[in-house]
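Numbering of ligands and ligand atoms starts at 1, following listing order.
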Amino acid sequence: MASFPIDVLVEIFLLLSVKPLVRFRCVCKSWNSLLTSPFFIKAYLERSIKLHKFNLLKYNFNKISRVQIHYSPKNELSNLDTSFIKDGEKFELVGSCNGIACLSSFNSKIPHRSKIFLWNPSTGENITLPQPSHHVSNLVGFGFNPLSGHPDDFSIVNMNIYLEQHPNYTSQVEVYSFRRNCWKQLGNIFAPSLTQRLGNQVIFKNFICWCPCVYLDDKFVALLILFDVVQDDFQKIALPDIMPLGIKVINLLEGCLSVIAHNSSTENYEVWIMKEFGVCKSWIKLYTIGVSMRELFSYQPVGFANSGEVFFIDTAYMGLRVKSPSRLVLYNIQSEKFEAFHVKVDYETTQLVTCLESLISLSSTNNVKH
Ligand SMILES: *[C@@H]1O[C@H](CO)[C@@H](O)[C@H](O)[C@H]1NC(C)=O
Ligand SMILES: *[C@@H]1O[C@H](CO)[C@@H](O)[C@H](O)[C@H]1NC(C)=O
Ligand SMILES: *[C@@H]1O[C@H](CO)[C@@H](O)[C@H](O)[C@H]1NC(C)=O
């Protein structure tokens, strides 16, 4: 077997999914060194970017967090094993890049027990990050440096905000480099009066991007907040006045940053994209999703599936009270129809990221670090 020409072997391996390839590492030394080589890991990643994207959905139900995998063609959900996070600990799905997902468990009662995890859902490999100097907060970002040439050049940013000295709030920002395996202190660089809730994030180029609605100069405004993982610094970008304020989720769509915003005068959701990154005037409205508050039902967007469909949470109300549990539904933009999954979720606990199959390893023995 080992005498196969290597280029033929590479072509065959690129057709297979991660699970058999992980087993093939044990076949012989030469297969193992091919399958763990930076060359093959990059080639496999490029193939996955083109072919094999899937959605990871995290939600809580009955106080337990779960992650499910959703493949668009089949439109099925199945459970993933996240038992590396202790039973009963709730967690957040921070983001995903090159097949690696970042999870965090923030416990406000015992903040020092909060943790950050990196996980490859295709191989099951998982690590817990070393503890930062200031405890893991509920504001964590996951980013990637595309300029370094290493597909595992991940950064995790941890933002603690101290509100004691009103109005002189301070922040402590720290950033972890996966390749260097250490935390770096950035100090008081996040203007904390801005916000304590950033909403979901996306990774765009070397930026971690959020789009929170913040209270600034005596009014609410929606802002793009970017963390540049190359410069280790934040940027703020204003949004045009014509955009509705109720930004719900930030996504990537057609290769651009995009948001789903609630228009409070029509009660519809609007999908906007920023055609030219960083250019405020380039935001345009792509389309409107007419899912207004229909009698007893209300839809909250969760995000775009990689097929272009939109996940929503469908919540019933009893008067003003949320009637638990909510349902997960998928909205098809072409047919304007909703399809419900048989999944019960707690209100406002659902997170969605796009992920892909990758052989990137999280163990230090396989990665050459410096
Ligand atoms: C997480 O990593 C541990 C240690 O490497 C491993 O034993 C476990 O199987 C992994 N968890 C999952 C869900 O694959
Ligand atoms: C906040 O900062 C201002 C200006 O530096 C200072 O005068 C004030 O005493 C500070 N307030 C508190 C509560 O620390
Ligand atoms: C909301 O929708 C209405 C009707 O389409 C439109 O006139 C308005 O500009 C939209 N945006 C905001 C911020 O209300």
Side-chain angles (χ1 to χ4, degrees), residues 17-23 25-26 32 36 54 56-58 64-69 77-94 96 99-105 115-130 152 154 178 181 211-214 216 219-224 238-250 258-274 280-281 283-294 299 301 336 353 355-367 369:
S17 67
V18 162
K19 287 231 158 61
L21 294 180
V22 168
R23 286 200 302 272
R25 284 181 195 160
C26 312
N32 183 53
T36 55
F54 51 85
L56 290 180
L57 265 163
K58 174 259 153 184
I64 294 170
S65 299
R66 283 197 183 87
V67 177
Q68 295 210 315
I69 184 166
L77 287 169
S78 50
N79 263 324
L80 286 173
D81 182 358
T82 51
S83 53
F84 53 90
I85 302 174
K86 268 211 243 85
D87 280 350
E89 267 187 66
K90 281 192 275 181
F91 58 85
E92 306 294 325
L93 179 57
V94 177
S96 163
I100 302 298
C102 176
L103 307 170
S104 81
S105 68
K115 291 189 186 99
I116 301 172
F117 307 88
L118 292 181
W119 174 44
N120 182 333
S122 307
T123 62
E125 234 187 308
N126 57 89
I127 56 164
T128 307
L129 296 198
D152 63 351
F154 303 121
F178 174 68
N181 187 26
C211 198
C213 196
V214 302
L216 207 64
K219 60 176 196 284
F220 280 102
V221 291
L223 267 187
L224 265 185
L239 297 179
D241 297 337
I242 49 165
M243 275 173 76
L245 272 182
I247 307 286
K248 299 297 180 177
V249 273
I250 183 166
S258 149
V259 296
I260 305 178
H262 181 245
N263 182 328
S264 58
S265 59
T266 60
E267 294 287 356
N268 286 330
Y269 288 111
E270 298 179 359
V271 176
W272 288 70
I273 67 170
M274 183 162 60
C280 182
K281 278 189 189 146
W283 281 98
I284 56 162
K285 182 161 85 178
L286 275 192
Y287 47 82
T288 299
I289 303 174
V291 289
S292 50
M293 186 92 115
R294 291 191 320 203
Y299 292 95
E336 302 190 349
V353 299
C355 193
L356 45 82
E357 281 201 300
S358 155
L359 286 163
I360 288 179
S361 172
L362 297 171
S363 75
S364 49
T365 49
N366 283 332
N367 287 8
K369 304 269 174 59

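- Between the side chains of S104 and E92, no donor-acceptor pair of N or O atoms lies under 3.5 Å.
- Using a distance-only test at 3.5 Å, with no hydrogens or angles considered, a donor-acceptor pair links the side chain of N120 to the main chain of I360.
- In this structure, the side chains of L103 and I85 come closer than 4.5 Å at one or more pairs of heavy atoms.
- Taking distance alone, with nitrogen or oxygen atoms compared against 3.5 Å, G124 approaches ligand 1 more closely than that limit.
- Within ligand 3, counting atoms from 1 as listed, the ones closer than 4.0 Å to a heavy atom of E270 are 1 (C), 2 (O), 10 (C).
- Under 3.5 Å, the side chains of E270 and H262 contain no donor-acceptor pair of N or O atoms.
- Protein heavy atoms come within 4.0 Å of atom 11 (N) of ligand 1.
- By the definition of a contact as any protein heavy atom under 4.0 Å away, atom 4 (C) of ligand 1 is not in contact.
- Using modelled atom types and a 3.5 Å distance limit, the side chains of E125 and S361 yield a donor-acceptor pair.
- The side chain to side chain contact (heavy atoms under 4.5 Å, CB included) test with L118 singles out one residue from N126, T128, D152, I100, and that residue is I100.
- With hydrogens left out, the protein atom closest to atom 6 (C) of ligand 3 is N263 ND2, 4.2 Å, a heavy atom.
- Protein heavy atom in closest approach to atom 13 (C) of ligand 3: P244 CA, 3.7 Å.
- With hydrogens left out, the protein atom closest to atom 2 (O) of ligand 1 is N126 ND2, 2.4 Å, a heavy atom.
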